[in-house]
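Below: one structure, written as structure tokens.
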Amino acid sequence: MSSSTELTEKKVFLLKSLDGVIFEVEESVAVQLEVIRELIEGDCARPFISLYNVTSEILALVIEYCKHHAETCSGGTSATIADEDLKTFDNEFMNVDENILLELCSAADYLDIKSLFELTCRTLASLIKDRTIIEVRKMFNVENDFSVVEEKAVRKEFAWAFK
Amino acid sequence: MSVIPEDVLLDVLSRLPAVSLVRFKCASKSWCALIDSSYLIQLHLKKSLNDIKSRKMLAVGKYHRRKEDNRVPVGFIFYVISFDFGFKIADVQEIKPPVQHCNDRVSIIGSSRFLICLRYTFQKSCREKIVLWNPSIGSHRILPFTPVEIEALEARKYGHYTFSYGFGHDNVTDDHQVARFVLDNYNGDYEVKVYSLKLDSWKKIENIPLISIFRVSRPSFADGSMKWLVQDKQPNSTFSLLVLCLRTEVLRSVSLPEGFKMPRLVEFCSYCRCWTNWSVYRNCFSHDCDLWKSLGNENSDIWTKLRLPHSDADGGMVFSDIYQHLKESLPKNLHSESIKISSGDTCCWVESLVQVKRRSKKIRERASQAQVEKSKKYRSSL
């Protein structure tokens with residue numbers, strides 16, 4: 001490890017997605033993925049890191065997110081401008097299909113990226129808070145295992161929550 | 001279709017308002033169990049306590065039979081006020097009170113985190129009900145009755161007593177407690193009892209001997225202690241604080257700072273304590289308010305006088321002014337120019353799914369029956 005840190009050129013890591021696509025990322029981006037940072041520190045990041053739970057579509061988005069955050073944070077701009085910039089980026093970044101949002105959320109959890117996890121959870125929560133039960137079941141793939149009578153009973157019990 | 005891991009789902013759910021979660025219990029059996037799990041309830045509470053958006057305010061409005069008759073209210077309306085970022089009022093909605101068909105009198109004793117403590121008084125029967133209520137999920141508990149155990153010289157009715165209730169939460173034991181101060185107006189004797197939500201029972205607190213009290217204020221709860229402002233009987237007529245530490249259950253007397261001695265009864269301001277650990281006192285008869293802050297936990301004798309906030313015409317304090325004082329302890333973007341609320345009938349709480357309802361008799365009986373059958377089976381198997 002000591003010999004590699006002396007090199008001035010940027011270190012690059014290879015991430016392999018579930019469907020076999022290999023992404024090249026710089027160290028500043030890679031360390032934002034807590035899982036990968038641990039691998040790098042343990043020197044287990046060669047020749048590439050396989051991520052079995054993330055598809056290439058989602059991994060591309062995750063890398064885009066981390067890249068933007070790494071660039072904004074390391075750039076010379078003042079903290080408030082960087083903050084504003086990140087906020088607008090995050091808002092636009094969250095403007096995706098809800099299935100992708102769910103996968104991003106799971107990926108952020110798996111890759112252990114705290115800020116992205118926080119962001120996706122918050123977005124999902126505000127997205128579903130006013131939804132009907134049928135919509136929520138569909139979105140989260142929840143099977144309704146109540147019998148007709150049972151469902152009627154629970155709906156009656158919590159009728160006030162349905163307004 | 002995507003299926004997200006359960007811990008991720010829990011994290012998303014813990015950020016939802018209580019009403020959405022109650023609704024989503026009907027999605028499936030597993031969701032119902034997930035939302036009822038103590039893990040989610042605790043996670044949700046933790047998130048709620050740090051989220052401005054889950055802070056709500058309860059306002060109790062009285063209404064009268066005729067407009068011109070403003071003496072005796074005939075009913076009460078409960079409103080929930082929700083706030084936006086920047087502490088602007090976002091929404092006002094009516095809410096069903098925990099105890100209905102009671103038009104006699106209802107007042108707010110206090111609130112702590114997710115619970116509100118209410119006092120219903122029934123004028124005709126001279127009885128009262130103390131209710132703990134979680135408005136987010138409409139769950140409540142009526143406290144068990146406890147008698148006044150002051151030794152009276154002669155048989156006296158409850159009308160001879162002054163009751164002063166307080167409500168607080170002890171962080172260390174994680175217990176919500178109701179404190180009841182009863183003053184015998186006849187001879188200045190008093191009694192303090194504390195109800196613990198965890199134990200579901202009352203306990204009598206040992207008195208400080210040789211104190212004879214003339215008047216007592218509503219208490220303020222701060223730093224784990226309940227503080228009543230009391231005025232001694234003549235000839236001294238001095239004011240002091242009776243401080244009850246909820247953790248140690250020890251009562252002690254603390255003297256007030258110089259310049260605090262007011263000629264009339266001074267009352268605690270009721271609304272500041274919802275947000276901070278500050279004790280704020282005001283003179284309830286004049287329109288001037290004195291804000292005092294007591295520093296330190298156990299040393300309540302260090303005092304700082306804050307600047308005077310102005311009052312509106314009804315004697316209610318203008319909130320914005322108070323919030324300026326609270327800047328340090330509130331998130332940066334929290335300020336309020338828009339709120340004007342007059343005394344007593346408001347309190348704040350945060351959203352939570354925690355139940356306070358006792359398990360119903362049926363369920364308790366069923367549980368004990370199951371226990372009996374189990375032991376029977378066990379015995380017969382031997």
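The sequence lines fix the lettering, A, B, ..., with proteins before strands; numbering per chain opens at 1.
- Using a 4.5 Å heavy-atom threshold, the side chains of A:F158 and B:R23 count as separate.
- Atom CZ in A:F140 sits 5.0 Å away from atom CD1 in B:I4 (nearest 0.5 Å).
- In this structure, B:K357 places its NZ atom where only 12 or fewer heavy-atom neighbours from other residues, nucleotides or ligands lie under 6.0 Å away.
- Contact detail for A:W160 and B:S136: the closest heavy-atom pair is CH2-O, 3.3 Å.
- Looking at heavy atoms from C-beta onward, B:V12 lies in side-chain contact with A:I128 at the 4.5 angstrom threshold.
- Separation of atoms CD (A:E150) and SG (B:C32) is listed at 10.5 Å; rounding is to 0.5 Å.
- Of the inter-residue distances, the one linking A:D145 atom CG with B:W31 atom CH2 reads 12.5 Å to the nearest 0.5 angstrom.
- When side chains are defined from C-beta on, B:K29 counts as touching A:F146, because their heavy atoms get closer than 4.5 Å.
- No side-chain donor-acceptor contact under 3.5 Å links B:S28 to the backbone of A:N144.
- Heavy atoms of B:L21 lying under 4.5 Å from chain A are absent altogether.
- Environment of CD in A:E24: sparse, with no more than 12 heavy atoms of neighbouring residues, nucleotides or ligands closer than 6.0 Å.
- When heavy atoms are compared at a cutoff of 4.5 Å, A:R137 approaches chain B solely by way of its side chain, counted from C-beta outward.
- Using a 4.5 Å heavy-atom cutoff, the side chains of A:Y110 and B:P5 are not in contact.
- Taking a 6.0 Å sphere around CG of A:D97, one finds it holds more than 12 heavy atoms contributed by other residues, nucleotides or ligands.
- A 4.5 Å side-chain heavy-atom check between A:C121 and B:R15 finds at least one atom pair inside the cut-off.
- Highest contact tally toward chain B, considering only A:E157, A:E118, A:E151, A:R122, is held by A:E118 [criterion: heavy-atom pairs under 4.5 Å].
- Per-residue counts of heavy-atom pairs under 4.5 Å with chain A were compared for B:S30, B:G138, B:A27, B:S20; the largest is that of B:A27.
- Heavy atoms from other residues, nucleotides or ligands lying under 6.0 Å from OH of B:Y39 number 12 at most.
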